[in-house]
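Predicted, not measured: the structure shown is a model, and the values here were computed from it.
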Amino acid sequence: MAGMVTGVKAYAIKKVLSYLNDNPEKGFDKIMKLVGMLDDKDFFKGQRDVIQDVLNNPDSNWYKLIMSLWDDVDSNIRSAMFEKFIVNATIFGSQKQEQTKAKYGVNVPWAILMDPTTACNLHCTGCWAAEYGNQQSLSYDDLDSIITQAKDMGTHMFIYTGGEPLVRKKDIIKLCEKHDDCEFLAFTNATLIDDAFAKEMVRVGNFIPAISIEGYKDTTDARRGEGTFDKIMQAMATLRENKCLFGVSCCYTSQNTETIGSEEYFDFLVDQGCKFAWFFTYMPVGVGAPTDLMVSAEQRKYMYDAVRTFRQTKPIFTMDFWNDGEFVDGCIAGGRYYLHINAHGDVEPCAFIHYSDTNIHEHTLLEAYQAPLFQAYKNNQPFNDNMLRPCPVLDNKDALAKMVHETGAHSTDLTEAEDVDELCEKCHDAADQWAPVADDLWANGHWITSKRRKQNAYKVYNDPNAKAEDAEKVEQ
């Protein structure tokens with residue numbers, strides 16, 4: 001945490017950490033007051049108010065989730081999550097990100113996704129990494145340099161993708177140790193998690209796995225290979241035994257949406273000890289990627305409704321990468337909140353957008369942010385006034401193709417270059433089908449959660465006499 005805080009703020013963090021390891025119910029009021037002091041610019045006042053409401057309602061599912069962190073998670077991991085994730089990555093990190101944005105006129109991400117390797121021990125249907133083999137890797141020095149550069153601009157959250165990132169277990173732990181002011185997460189198939197690695201997770205405290213799972217045994221094994229589900233169950237058992245914090249990453253497809261969005265499945269995840277679940281819809285990325293796994297508009301709405309329903313009733317934090325665009329003003333890629341760096345070093349706007357005009361072996365991170373493709377993202381976001389249609393590929397026909405052509409970006413696919421027009425065309429039907437569904441949801445008031453547009457919230461109610469000042473009341 002060197003260089004992040006001094007004086008009274010460092011003392012406040014130390015006090016909060018002591019409260020976290022005592023009786024949490026007695027210390028919550030003190031914790032929230034100290035967090036408010038750390039957030040002296042009120043960047044996160046709205047979020048703090050929501051948390052305070054949760055703490056005032058012991059019967060809520062969110063209160064139960066928070067309290068479970070004391071029952072189920074090791075104190076070292078719990079303390080690291082507060083210090084590295086909440087304080088460094090979110091409160092202080094966001095303030096530094098805003099300063100960097102203002103100084104250079106660029107997007108600065110809250111999180112950076114990195115592929116330590118293309119190597120993977122599985123061969124999952126519809127996964128572009130499954131075709132890459134072990135052709136590319138970012139060296140330890142590459143990863144260290146990316147993290148160091150990013151921290152200077154305010155980013156303290158790093159997420160490993162791949163390939164299978166745990167192929168690089170030793171380097172991952174080494175980076176956790178060196179950059180102990182950061183929080184790290186990995187999307188992993190979990191088959192390489194064992195007792196020894198779980199104990200290392202507890203020791204460093206600042207590493208969390210998000211386990212890829214497609215439902216139950218039949219659907220998971222169908223996509224990821226026979227026996228994978230059983231290995232995932234064993235990994236989760238190992239993580240629970242060591243009191244590790246973990247969650248899941250679920251890709252919903254045309255074949256498993258009704259399972260993944262069911263109440264039974266949410267209860268299953270809670271029972272396994274998962275504290276969070278990230279939901280992604282299938283994208284046909286890569287030449288020859290199957291399109292029949294893409295969800296229908298009805299299935300996407302099914303997930304929209306399911307996540308919002310169970311978010312109010314189940315003690316698990318959930319996030320839908322596409323359908324939660326209303327809470328973050330649309331697309332978060334292109335460095336707006338996150339970006340992706342593949343194993344070859346190409347700096348890409350998104351993990352699903354394999355096009356780039358910069359490489360970390362030739363350019364600094366700041367130069368990548370200043371490059372034409374990322375500037376095009378910055379200048380075009382949001383891609384739609386309806387935040388439930390955030391994506392420049394899946395929701396807004398040819399928006400990505402236009403930016404790629406204008407900036408001269410190239411395909412970064414490591415096996416076969418994919419023409420951007422052909423990628424976008426694969427998603428045209430999905431965009432057409434989703435548009436009226438999303439527009440109906442938006443018109444019925446869901447979009448008022450967008451703070452950036454709250455001055456126009458009165459339009460939802462078709463009241464020509466309403467005033468912009470009424471938007472706050474509308475939101476409440």
Undergrad: Over 60° means perpendicular and under 30° means parallel, so classify the ring planes of Phe280 and Phe352, tilted if in between.
TA: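 The arrangement is tilted - the two ring planes meet at 30° to 60°.
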Undergrad: Can Asp49 and Lys45 be counted as an ion pair, charged N to O under 4.0 angstrom?
TA: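 Looking at Lys45 together with Asp49, the answer is yes, because their closest N to O distance falls below 4.0 Å.
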Undergrad: Please report the closest heavy-atom contact between Asp329 and Pro382, naming both atoms and the distance.
TA: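 Smallest heavy-atom distance, with atoms named: O-CB, 3.9 Å.
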Undergrad: Looking only at heavy atoms, which two atoms of Phe246 and Ile208 are closest? And how far apart?
TA: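 The pair with the smallest heavy-atom distance is CA-CG2, 4.1 Å.
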Undergrad: Of the non-hydrogen atoms in Gln381 and Ile332, which two are nearest, and what is the gap between them?
TA: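 Closest pair (atom of Gln381, atom of Ile332, distance): NE2-C, 4.4 Å.
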Undergrad: Given 3.5 Å as the limit, does a donor-acceptor pair link the side chain of Arg389 with the main chain of Asn384, or not?
TA: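 Such a contact is absent between Arg389 side chain and Asn384 backbone.
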Undergrad: Check each of Asn379, Thr407, Val347 against Phe374 using the side-chain contact (heavy atoms from CB on, under 4.5 Å) test, and report the only one that passes.
TA: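 With Phe374 as partner, side-chain contact (heavy atoms from CB on, under 4.5 Å) holds for just one option, Val347.
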Undergrad: With Leu185 as reference, evaluate Ile159, Leu113, Leu245 under the side-chain contact (heavy atoms from CB on, under 4.5 Å) test and give the passing residue.
TA: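 Of Ile159, Leu113, Leu245, side-chain contact (heavy atoms from CB on, under 4.5 Å) with Leu185 is met by Ile159 alone.
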Undergrad: Answer yes if the side chains of Asp181 and Asn88 hold a donor-acceptor pair under 3.5 Å, and no otherwise.
TA: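 Distance-only check fails for Asp181 and Asn88.
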Undergrad: Will you find, in the side chains of Thr188 and Glu164, an N or O donor that is under 3.5 Å from an N or O acceptor?
TA: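 Side-chain D/A pair, Thr188 to Glu164: present.
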Undergrad: Just by modelled atom types, is the Leu138 backbone N or O under 3.5 Å from a matching donor or acceptor in the Asp142 side chain?
TA: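 Not a single qualifying donor-acceptor pair exists.
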Undergrad: Looking at Arg300 and Asp395, is any side-chain nitrogen of the basic one under 4.0 Å from a carboxylate oxygen of the acidic one?
TA: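 Arg300 and Asp395: salt-bridged.
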Undergrad: Under a 3.5 Å distance rule, please check whether Gln375 uses its side chain to pair with a backbone N or O of Tyr369 as donor and acceptor.
TA: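 Yes.
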Undergrad: For the pair Lys426 and Glu418, find out whether any cationic side-chain nitrogen is under 4.0 Å from an anionic carboxylate oxygen.
TA: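 Answer for the salt bridge query: yes.
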Undergrad: Which pair of heavy atoms, one from Pro315 and one from Lys64, lies closest together, and at what distance?
TA: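 The pair with the smallest heavy-atom distance is CB-CB, 4.3 Å.
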Undergrad: Between Cys331 and Pro392, which heavy-atom pair has the shortest distance, and what is it?
TA: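 In this case the closest contact between Cys331 and Pro392 is SG-CD, 4.3 Å.
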Undergrad: Is a side-chain N or O of Thr155 found less than 3.5 angstrom from the main chain of Pro109, in a donor-acceptor match?
TA: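 At least one qualifying donor-acceptor pair exists.
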Undergrad: Checking Glu406 side chain against Met403 main chain: does a donor-acceptor pair fall under 3.5 Å?
TA: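 Side chain of Glu406 to backbone of Met403: no pair is present.
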Undergrad: Does Asp171 come within less than 4.0 Å of Arg168, counting only side-chain N to carboxylate O?
TA: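 Between Arg168 and Asp171 there is a salt bridge, with a charged N closer than 4.0 Å to a carboxylate O.
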Undergrad: Side-chain donor-acceptor pair under 3.5 Å between Asp324 and Tyr304, yes or no?
TA: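 The criterion, which ignores hydrogens and geometry beyond distance, is not satisfied for Tyr304 and Asp324.
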Undergrad: Quick check against the 3.5 Å criterion: does Gln97 have a side-chain atom that pairs as donor or acceptor with the backbone of Gly93?
TA: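 Indeed, once roles are kept as given, a pair shorter than 3.5 Å links the two residues.
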Undergrad: Salt bridge between Asp53 and Arg48, side-chain N to carboxylate O under 4.0 Å?
TA: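 Looking at Asp53 and Arg48, the cut-off is not met.
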Undergrad: Looking only at side-chain N and O atoms, does Asp346 offer a donor or acceptor that is under 3.5 Å from a partner on His354?
TA: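 No, Asp346 and His354 have no side-chain donor paired with an acceptor closer than 3.5 Å.
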Undergrad: Using modelled atom types and a 3.5 Å cut-off, is there a donor and acceptor pairing between side-chain atoms of Asp413 and backbone atoms of Glu416?
TA: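 Yes, Asp413 side chain to Glu416 backbone: donor-acceptor pair under 3.5 Å.
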Undergrad: Locate the shortest heavy-atom distance separating Glu348 from Ser356; write the atom from each residue and the value.
TA: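 So the two residues come closest at CG-CB, 4.3 Å.
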Undergrad: Can a salt bridge be assigned to the pair Glu200 and Lys169 using a cut-off of 4.0 Å between side-chain N and carboxylate O?
TA: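 So Glu200 does not pair with Lys169 through a salt bridge.
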Undergrad: Would you say Asn359 and His361 are linked by a side-chain donor-acceptor pair, where the criterion is simply a distance under 3.5 Å?
TA: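 Present: a donor and an acceptor within the cut-off.
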Undergrad: Run through Lys84, Glu83, His156 and flag the one making a side-chain contact (heavy atoms from CB on, under 4.5 Å) with Glu183.
TA: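 Exactly one candidate clears the test, Lys84.
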Undergrad: Which of parallel (below 30°), tilted (30 to 60°) and perpendicular (above 60°) describes Tyr338 and Phe321?
TA: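 The rings of Tyr338 and Phe321 stand perpendicular, inter-plane angle above 60°.
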Undergrad: Could you tell me if Lys101 and Asn107 have a donor-acceptor pair between their side chains, going purely by distance under 3.5 Å?
TA: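 Note: Asn107 and Lys101 side chains miss the donor-acceptor criterion.
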Undergrad: Aromatic ring centroids of Phe383 and Tyr377 under 6.0 Å?
TA: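 Yes, ring centres under 6.0 Å apart.
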Undergrad: Please test Asn189 against Ser212 for side chain to side chain donor-acceptor pair (under 3.5 Å), starting from the C-alpha separation and ending with a verdict.
TA: CA-CA 5 Å; Asn189 61 43; Ser212 298; over 6 Å; no
Undergrad: Under a 3.5 Å cutoff, is there a donor and acceptor pairing between the side chains of Asn206 and His179?
TA: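 Side chains of Asn206 and His179: no pair found under 3.5 Å.
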Undergrad: For the side chain of Trp434 and the backbone of Leu388, is there at least one donor-acceptor N/O pair under 3.5 Å apart?
TA: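 Answer holds: yes.
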Undergrad: Just checking Glu98: does its CD atom have more than 12 heavy atoms from other residues, nucleotides or ligands closer to it than 6.0 angstrom?
TA: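 Counting neighbours around CD of Glu98, more than 12 heavy atoms of other residues, nucleotides or ligands fall under 6.0 Å, so yes.
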Undergrad: Under 3.5 Å, side chain of Asn342 to main-chain N/O of Met114, donor-acceptor pair present?
TA: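 Answer holds: no.
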Undergrad: Spell out, as yes or no, whether a donor-acceptor pair under 3.5 Å connects the side chain of Thr100 to the backbone of Lys96.
TA: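 Checked: pair present.
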Undergrad: Inspect the contact between Asp72 and Lys275 and indicate whether a charged nitrogen and a carboxylate oxygen are less than 4.0 angstrom apart.
TA: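 Yes, charged N to carboxylate O under 4.0 Å.
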Undergrad: Answer with yes or no after comparing the ring centroid distance for Phe85 and Trp110 against a 6.0 Å cut-off, counting only values under it.
TA: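 Yes, they do, as the ring centres are separated by less than 6.0 Å.
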